[in-house]
Amino acid sequence: MVNVYLLLGSNLGDRAAYLQQGIQHIESRVGQVVTTSDVYRTQSWGNTDAPDYLNQVILIHTDKTARQVLNEILAIELLLGRKREEKWGSRTLDIDILFYGDQVINEPDLIVPHPHLHNRRFTMEPLAQIAPDLIHPILQKDISQLKNELTDTLEVKKN
């Protein structure tokens, strides 16, 4: 079994319901949900005119490969109405793989750890809540330290 950290985000429709439905589908299709962060309300990143997001980080245990996890979460996004129309566009549900164990994966459509996680407050706040001592396998710093080094000033608050 592998520890996998996923970031869920929604800024369309019933955002809280999309997060909950996403977690339920992850539990049934991907792996056991071990812990979840609080839900955070965050300003939209990249497209600051978009509605605010609800974001949450979850830890799951899975026996699936990283590629299988990616395929399942993409299917869950589609099932819950995700449309990929523009970069940083609004979405019913977005699920990102933050960490897949301590593996470093660099494939054209699968990069783990997520290449931008340490630059984004909306990722680091909920991740630090549930995994402050987790070591980033490339940066060799723990999540608390990376969070404290953030320069991202977008507002992130517990919902």
Side-chain angles (χ1 to χ4, degrees), residues 1-11 15 18-19 22-23 25-27 29-48 50 52-62 64-78 80 82 84 86-156:
M1 298 298 265
V2 179
N3 285 340
V4 180
Y5 289 88
L6 301 174
L7 172 70
L8 289 77
S10 175
N11 75 333
R15 300 169 300 167
Y18 281 121
L19 293 181
I23 290 170
H25 286 291
I26 289 165
E27 179 109 281
R29 296 175 66 155
V30 185
Q32 176 190 1
V33 176
V34 177
T35 191
T36 63
S37 74
D38 289 330
V39 174
Y40 289 76
R41 184 183 52 77
T42 67
Q43 289 179 290
S44 182
W45 191 92
N47 180 1
T48 54
D52 286 351
Y53 276 81
L54 292 185
N55 289 107
Q56 186 172 28
V57 171
I58 66 172
L59 167 62
I60 65 169
H61 287 167
T62 187
K64 296 189 180 301
T65 66
R67 172 69 53 194
Q68 290 170 324
V69 171
L70 177 64
N71 291 340
E72 289 291 345
I73 64 177
L74 291 174
I76 292 167
E77 289 177 349
L78 284 174
L80 294 178
R82 168 85 188 259
R84 294 178 184 271
E86 64 177 297
K87 186 169 181 141
W88 295 316
S90 293
R91 67 256 344 231
T92 53
L93 186 64
D94 182 44
I95 308 170
D96 292 332
I97 301 172
L98 301 178
F99 293 101
Y100 182 87
D102 60 359
Q103 290 189 29
V104 176
I105 303 167
N106 194 349
E107 298 174 7
D109 60 343
L110 178 60
I111 300 174
V112 179
H114 190 287
H116 304 295
L117 74 89
H118 62 285
N119 298 318
R120 296 174 171 175
R121 187 166 302 281
F122 70 84
T123 303
M124 295 303 294
E125 290 288 344
L127 181 59
Q129 182 189 3
I130 64 171
D133 300 324
L134 180 67
I135 302 293
H136 191 295
I138 297 172
L139 302 175
Q140 291 301 305
K141 296 178 179 180
D142 70 31
I143 298 305
S144 288
Q145 183 177 358
L146 291 171
K147 185 184 109 172
N148 290 336
E149 294 173 356
L150 278 170
T151 58
D152 177 4
T153 58
L154 288 182
E155 184 177 40
V156 176

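Inter-residue side-chain proximity for T42 and E155 is flagged as unmet; no heavy-atom pair is nearer than 4.5 Å. Taking 4.5 Å as the limit, some side-chain heavy atom of P137 sits within range of a side-chain heavy atom of F99. Within the 4.5 Å cutoff, the side chain of I97 has heavy atoms near those of the L110 side chain. Contact check for L154 versus F122: no side-chain heavy atoms found under the 4.5 Å cut-off. Residues Q103 and V112 have side chains not in contact (no heavy-atom distance under 4.5 Å, counting atoms from C-beta outward).
A66 approaches I105 most closely through the heavy-atom pair CB-CD1, 3.4 Å. Of all the heavy atoms in Q129 and S37, the pair that sits closest is OE1-CB, 3.3 Å. Listed here is the closest heavy atom pair of L59 and I130: N-CD1, 4.2 Å. The minimum heavy-atom distance between E72 and V30, with the atom names listed, is CB-CG2, 3.6 Å. Smallest separation of non-hydrogen atoms from E125 and Y40: O-OH, 3.8 Å. For the residue pair R15 and N11, the shortest heavy atom distance occurs at CD-CA, 3.7 Å.
Formation of a donor-acceptor pair under 3.5 Å by the D152 side chain with backbone atoms of R121 is found in this model. S10 places no side-chain N or O within donor-acceptor distance of the main-chain N or O of L93, the cut-off being under 3.5 Å. Judged purely by atom type and a 3.5 angstrom limit, E27 uses its side chain to pair as donor or acceptor with the backbone of V33. Between the side chain of T123 and the backbone N or O of L117, no donor-acceptor pair lies under 3.5 Å. Looking at E77, its side chain never comes within 3.5 Å of a backbone N or O of D94 through a donor-acceptor pair. In this structure, Q56 contributes its side chain and V39 its backbone to no donor-acceptor pair below 3.5 Å.
Residue T36 holds its OG1 atom at 12.0 Å from CG of L6, rounded to the nearest 0.5 Å. Considering CG of L19 and CD1 of I26, their distance stands at 9.5 Å, rounded to 0.5 Å. With values rounded to the nearest 0.5 angstrom, Y18 atom OH is found 14.0 Å from L8 atom CG. We find the CD-CG distance between E149 and N119 to be 10.5 Å, quoted to the nearest 0.5 Å. Separation of atoms CZ (R120) and NE2 (H114) is listed at 5.0 Å; rounding is to 0.5 Å. How far NE2 of H136 is from CD1 of I143: 6.5 Å, rounded to the nearest 0.5 Å.
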Determine, step by step, whether K141 and I135 satisfy the side chain to side chain contact (heavy atoms under 4.5 Å, CB included) criterion, reporting the C-alpha distance in whole Å, the side-chain angles of both residues, the deciding distance to 0.1 Å, and the verdict.
CA-CA 5 Å; K141 296 178 179 180; I135 302 293; over 6 Å; no
Intermediate values then yes/no, side chain to side chain contact (heavy atoms under 4.5 Å, CB included), R67 and E107:
CA-CA 10 Å; R67 172 69 53 194; E107 298 174 7; 2.5 Å; yes
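When only modelled atom types and interatomic distance are considered, N3 and H61 share a side-chain donor-acceptor pair under 3.5 Å.
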